[in-house]
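Working notes for the structure below.
Treat the numbers as computed from the prediction; the structure is a model and nothing was measured.
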Amino acid sequence: MTATVTTDSRTEKSDRVTSRGTGGARRRLPRIPDRIRQGGLPYLLLLPAVLLELLIHVIPMIIGIVMSFRQLTQFFIGNWGAAPWTGLDNYKIAVDFNAPIGEALLHSFFVTCVFTFFAVGLAWLFGVTAAIMLQENFRGRGFLRAIFLVPYALPVYAAVITWAFMFQRDNGLVNHVLHDQLGLTDQPSFWLIGDNSIYALIVVSVWKGWPFAFLIVMAGLQNIPRELYEASAIDGAGIWQQIRKITLPSLRPVNQVLVLVLFLWTFNDFNTPYVLFGKAAPENADLISIHIYQSSFVTWNFGTGSAMSVLLLLFLLVVTAVYLLITSRGRKGADA
């Protein structure tokens, strides 16, 4: 019993000394597992996503950049590391617009710009219009919302293959309606070849992309207070004035992000033209994604194709940076 009392007193004295040495406040240092759990757990949870991002995007992108500096053709497929180092020669070939390769790439770039302008503009217009029209409560609104989202929910390949059948000249639904039923054309038109191919591509892209714009704008409209519309209606504002003065200004942040996403998706779109036209797209619908594919996997010139891909990446980065800079300045000016 005496030994126990002596030990307890010594323990209390050591605790007092420790508390005095730390300013009178006893602190318990966290154990090493606690530190790891608190500080390292978020990084541990992010590790699988980071690894997948490296494997799927970053590492292939770096390999593609390295390939753009080599003369990588079908002769070096087995050992592409042995391909001769050419420096900037592939880039010079790609941007030499007086030569056939550069001229074809420039034509494809202009076709892609025209296609993106109309596809993004119409998709945004249809999405905003449908979202605004379905804001009011009426019978069947939920059914219409579900129907409008069907093109976005369908697999891309199934949807585009269906459109390819509809655009057939002899037995397609489009010619049956335009020529046989309505008589708008003198003869059935070719939609998948020739001059009309760009129109077919725009129609399919808009049909596939506008439900996404509809979904995003419809979500953004939920954040606009209904009191603003009620107050403006009391002041005598009509529906068009409400849209111009309340709806569109309130949707500006949403539209800024939406237009950028639609632009990047549409400009880089490969699945739609590939499924609609196959490996060889018509000249009027030769998007730059298909053009790079043909330059790489059809002609087996992977070095030049990689250089074109890097140039496309740089163009999209520059456009994105300029767009974000302009929109951020406009937002600051509106807030001021």
Side-chain angles (χ1 to χ4, degrees), residues 113-156 159-160 162-163 177 182 199 201-269 272 316 319-336:
C113 290
V114 173
F115 161 73
T116 303
F117 175 79
F118 285 101
V120 172
L122 292 176
W124 177 85
L125 180 62
F126 291 160
V128 171
T129 303
I132 292 176
M133 291 178 61
L134 294 185
Q135 275 300 104
E136 300 295 333
N137 291 322
F138 59 90
R139 181 175 298 180
R141 184 180 67 164
F143 176 75
L144 288 177
R145 285 181 174 179
I147 291 297
F148 287 168
L149 292 176
V150 167
Y152 184 68
L154 286 176
V156 176
V160 178
T162 303
W163 275 103
V177 173
L182 301 179
Y199 302 118
L201 184 60
I202 291 174
V203 168
V204 177
S205 180
V206 171
W207 180 87
K208 183 172 59 72
W210 80 266
F212 176 76
F214 164 72
L215 182 64
I216 298 301
V217 174
M218 188 172 58
L221 289 173
Q222 307 302 317
N223 296 324
I224 303 177
R226 299 301 302 175
E227 292 79 7
L228 295 178
Y229 294 100
E230 296 174 357
S232 63
I234 294 175
D235 293 337
I239 183 169
W240 295 112
Q241 291 178 331
Q242 291 178 349
I243 292 175
R244 288 193 304 110
K245 301 296 184 180
I246 299 176
T247 305
L248 293 180
S250 300
L251 289 176
R252 184 175 300 167
V254 175
N255 283 326
Q256 289 174 353
V257 178
L258 174 61
V259 170
L260 178 60
V261 172
L262 288 176
F263 166 77
L264 294 176
W265 284 358
T266 306
F267 208 96
N268 276 322
D269 191 10
T272 301
L316 294 178
V319 172
T320 302
V322 173
Y323 177 83
L324 293 177
L325 180 62
I326 294 175
T327 54
S328 62
R329 287 184 177 179
R331 191 182 310 162
K332 292 179 181 178
D335 294 339

- Query: Got a second to check how far L149's CG is from L154's CG, nearest 0.5 Å?
  - Reply: 11.0 Å

- Classify the angle between the aromatic ring planes of F212 and Y152 as parallel (below 30°), tilted (30 to 60°) or perpendicular (above 60°). tilted

- Message: Does S250 form a side-chain contact (heavy atoms from CB on, under 4.5 Å) with N223? I'd like the steps, not just the answer.
- Response: CA-CA 9 Å; S250 300; N223 296 324; over 6 Å; no

- Message: Strictly distance-based, threshold 3.5 Å: is any side-chain N or O of T129 a donor or acceptor partner for the main-chain N or O of F126?
- Response: no

Using atom types as modelled, flag every donor-acceptor pair under 3.5 Å from a side chain in residues 232-241 to any protein atom, sequence neighbours excluded.
from: S232; atom 1: OG; to: L228; atom 2: O; distance (Å): 3.1
from: S232; atom 1: OG; to: Y229; atom 2: O; distance (Å): 2.8
from: S232; atom 1: OG; to: Q242; atom 2: NE2; distance (Å): 3.1
from: Q241; atom 1: OE1; to: G238; atom 2: N; distance (Å): 3.2

Let me have the donor-acceptor pairs involving side chains of residues 114-125, under 3.5 Å, with sequence neighbours excluded, atom names and distances please.
from: T116; atom 1: OG1; to: T112; atom 2: O; distance (Å): 2.7
from: W124; atom 1: NE1; to: N255; atom 2: OD1; distance (Å): 2.9

- Query: Rounded to the nearest 0.5 Å, what separation is found between the CG atom of L316 and the CG atom of N268?
  - Reply: 5.0 Å

- Query: Hey, does the side chain of S205 reach the backbone of L201 with a donor-acceptor pair shorter than 3.5 angstrom?
  - Reply: no

- Task: Enter the distance from T162:OG1 to W207:CH2 here, rounded to the nearest 0.5 Å.
- Result: 7.5 Å

- From L260, V254, V261, residue fulfilling side chain to side chain contact (heavy atoms under 4.5 Å, CB included) relative to V257: V261

- Message: Applying salt bridge (charged side-chain N to carboxylate O under 4.0 Å, His left out) as the test, list every pair that has at least one member in residues 135-151; sequence neighbours left out.
- Response: E136-R226

- Message: What verdict does the side-chain contact (heavy atoms from CB on, under 4.5 Å) test give for L134 and F214, after you've listed the backbone C-alpha separation in whole Å, the side-chain angles of each residue and the deciding distance to 0.1 Å?
- Response: CA-CA 10 Å; L134 294 185; F214 164 72; 3.7 Å; yes

- Which atom pair, heavy atoms only, marks the closest approach of P151 to P211? CB-CG, 3.7 Å

- Rounded to the nearest 0.5 Å, what's the gap from CG on L215 to CE on M218? Could you check? 5.5 Å

- State, with a plain yes or no, whether a side-chain heavy atom of T272 is found less than 4.5 Å away from one of W163. no

- Item | Shortest non-hydrogen contact from L262 toward G209 | CD2-O, 4.3 Å

- Query: For the side chain of T327 and the backbone of L324, is there at least one donor-acceptor N/O pair under 3.5 Å apart?
  - Reply: yes

- State, yes or no, whether a side-chain contact exists between V128 and T247 at a heavy-atom distance under 4.5 Å. no

